[in-house]
Amino acid sequence: MSMGAVIDDARVIVSVGPGGVGKTSTSAAIALEAARRGQRVAVLTIDPARRLANALGLTEMGSEERRIGEEAFRAAGLAPPSGVMTAMMLDVAAMWDETVRRHHPDPARRDRLLQNRMYQTLASTLAGSQEYMAMEKLHELSTRTHDRLDLIVLDTPPSTHAMDFLEAPSKLLDALDNEATRWLTEPFKARGRVASRIFDAGGSLVTRTLGRFTGTETLEALAELLSGFQDMFDGFKTRARAVNALLSDPQTAFVIVSAPRPGPITDARAFHARLREEAVRIGGFVLNRATVDPFAGGAPHEPDRLAAALAGAGASPDLAARIEALVSERAAAARAEAKQAENLRHLGAPVWLVPELRRDVHDLAGLDRLREHLFAA
Amino acid sequence: MSDALVRERLDRPFQVVAGKGGVGRTLVASAIALRAAAAGERTLLLEANAPDNAARYLGVDASVDEPREVLDNLWLCRMTPAGALREYALMVLRFKALYGLVFENRLVKYFLRSIPSLAEFTMMGKAWYHTTETRKDGSPKYTRIVLDAPATGHAVTLLSLSRIVADVVPAGIMRTAAEKMAAVVESPTASCLHLVATPEEMPVNEAIELATTQRTRLRMASGVVVVNRRLPPLVSAEEALLLAPLRADARLAPYAEAVERRRELEAVQAEHAARLTHVLERPAVTIEELPAELTPFQQVDRARRALDLAAGTARPPAVGAP
């Protein structure tokens with residue numbers, strides 16, 4: 001199956017993979033191709049390199065959706081696509097505020113939560129926050145009734161653990177609401193204070209020791225924070241269920257982005273195994289930055305001819321040897337990478353090997369070059 | 001001048017090594033620790049990172065929760081969330097049985113895991129605790145502590161947490177501990193943050209962003225910036241000129257093409273390295289791309305030599321180095 005076919009019948013494409021392999025650029029290149037095919041497509045990125053963000057028109061932080069205008073394409077020497085391409089960046093702290101404002105059922109308690117000293121700091125540093133907010137945004141984009149999208153490309157936070165993205169939201173929800181946190185927050189909800197529970201002479205050894213460990217006031221502030229989150233919990237769960245259903249839908253394809261080198265390949269396999277366990281649809285593997293063998297055309301290495309030519313030009317005698325070592329090393333790397341890709345194909349998913357580009361991808365023209373390679377692969 | 005700056009930063013008692021995932025933080029942290037130990041400093045290398053990597057580089061047994069002297073003057077210790085929490089709790093409670101009763105309680109275990117960033121807080125607490133340990137004569141047990149931090153995002157959490165807790169949490173035992181920890185992290189003379197990046201777009205961006213965070217949120221002193229895995233020039237500019245005629249010969253053109261690509265890559269790396277050192281305004285150390293056939297220890301030793309060279313403190317290579 002070609003990458004083009006994946007685009008044509010998916011409504012959501014999720015790029016997953018380790019960091020540093022061009023995941024964001026790949027997501028943007030996929031979106032660009034969809035726009036060229038006439039689709040209305042949005043790419044949601046987590047933490048793009050600044051220059052790439054600029055290329056996508058994302059000049060400042062904020063979760064606002066920006067359309068990449070015709071003039072931007074023309075300026076890059078490209079024909080504007082027939083469809084519409086928009087891009088947005090996930091600003092976790094701002095999204096927490098937005099989620100609390102939009103979904104908290106009780107205005108007074110909502111304001112208390114937003115003003116809680118621990119809230120701002122902890123909401124955005126809470127493990128799983130980014131992943132959870134990516135889910136919230138995906139839900140919002142997929143259910144909106146205006147400017148309906150033909151395709152959403154979701155660029156997930158880089159992680160080495162395949163399960164992080166899929167599990168983080170439920171872990172986060174579990175951290176906010178479980179037997180133990182309810183035990184702390186219930187008295188707070190009933191009386192507005194948790195202190196009694198901790199300070200009570202009759203309080204258990206466990207609570208008194210915990211208080212000694214963290215300070216009772218800390219427990220109180222935490223209880224307030226947690227109970228504020230718990231007020232929104234039914235909404236959290238409903239949307240998380242909806243997103244889970246969307247992710248397992250056959251119209252959602254996961255694309256595993258990696259590089260054809262041992263470490264990233266191991267990661268890619270782990271992602272594949274994990275996604276298969278979840279029974280989601282796997283679109284295929286994109287392996288970026290494949291080494292280009294200068295002699296890929298099949299011409300033989302001719303070190304003697306090279307040495308003779310260079311000697312004739314008066315070069316130092318070891319120059320030819322240095323150059324031959326370079327091309328031999330590139331050829332060996334290219335062979336090893338092709339073999340890695342071949343082994344990956346045995347897993348049953350398509351593998352697209354994308355050659356390394358001569359410059360970093362940091363503008364629309366670069367994205368377009370990446371797109372050409374990706375859809376030719 | 002620059003030598004002296006590099007030397008002063010590499011000789012501070014508390015040093016943290018940070019950078020994007022995969023740029024070689026552990027290699028650099030191990031090299032800094034090895035350099036200090038070779039100079040006779042009692043050095044503790046703390047791994048808050050993927051465990052076992054430093055041990056692999058140093059060619060010693062995997063690190064455990066307690067510092068262990070693995071080479072002369074070099075102690076290695078890992079920091080895991082669970083281990084650090086346990087040590088912190090035992091220190092506060094001073095009573096093992098009570099720890100077992102409370103912290104092994106299922107509900108409490110669950111609860112502690114749900115407190116945001118508690119794990120990072122206790123890990124930083126452990127790092128701080130080791131700075132306070134003394135020998136019988138009252139002198140510090142470790143004269144150098146090198147912390148191999150996790151990748152950028154987690155490193156910021158780890159390093160900023162003591163300040164956040166000190167500012168945000170109500171008075172109590174946690175705040176007191178946090179204030180002591182923040183004092184070590186924020187010391188303008190005794191601690192510093194080294195940044196590591198490979199000369200590529202994203203790692204350099206992250207290092208630059210981290211430097212901004214360091215000055216604003218972390219209030220930490222700057223260390224050195226390490227440019228890791230820089231390709232040495234394959235051919236000189238004069239030699240490159242000699243290659244131009246090869247293009248006319250179809251059988252040799254791929255050679256010219258390969259050298260041109262290599263030179264482009266070197267140029268891109270030079271741009272990124274320049275961006276890094278220009279923006280960061282701190283002493284720079286370059287470690288060249290090391291040959292793949294070197295053993296991990298040989299790699300660390302090469303990195304140590306690069307540090308010594310930059311600091312003007314070159315020493316003979318360690319036994320077993322090439």
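Quick note: numbers below take in every heavy atom, side chains included, and nothing from hydrogens, waters or symmetry partners. So that the names make sense, note that chain A is the first sequence line, chain B the second, and so on, each numbered from 1.
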| message | Quick check for you: among A/Glu302, A/Glu356, A/His301, which has the greatest number of heavy-atom pairs under 4.5 Å with chain B? | response | A/Glu302

| What residue, out of A/Val292, A/Asp293, A/Ile323, has the most heavy-atom pairs lying under 4.5 Å from chain B? | A/Ile323

Which atom pair, heavy atoms only, marks the closest approach of [X] to [Y]?
X	Y	answer
A/Gly314	B/Leu242	C-CD1, 4.5 Å
A/Val327	B/Ala258	CG1-CB, 3.5 Å
B/Leu252	A/Ala309	CD1-CB, 3.8 Å

| Is it the backbone or the side chain of A/Pro264 that comes under 4.5 Å from a heavy atom of chain B, or both, or neither? | neither

| field | Structural part of A/Ala299 lying under 4.5 Å from a heavy atom of chain B | value | neither

| request: Return the option, out of B/Thr176, B/Val165, B/Asp167, B/Val235, with the maximum number of heavy-atom pairs under 4.5 Å with chain A. | output: B/Val235

| field | Residue B/Arg262 versus chain A: region with a heavy atom under 4.5 Å | value | side chain

| remark: CG (B/Asp249) and CG (A/Leu306) are apart, to the nearest 0.5 Å, by 9.5 Å

| said: I need the A/Thr291 OG1 to B/Arg261 CZ distance, nearest 0.5 Å. | reply: 9.5 Å

| message | I'd like to know if the side chain of A/Arg322 and the backbone of B/Leu234 have a donor-acceptor N/O pair within less than 3.5 Å. | response | yes

| said: Taking A/Ala320's backbone N and O only, do any of them form a donor-acceptor pair with B/Tyr255's side chain (distance below 3.5 Å, no angle check)? | reply: no

| task | Compare all side-chain heavy atoms of A/Leu310 with those of B/Leu243 and state whether any distance is below 4.5 angstrom. | result | yes

| said: Are there over 12 heavy-atom neighbours, none belonging to A/Phe295, within less than 6.0 Å of that residue's CZ? | reply: yes

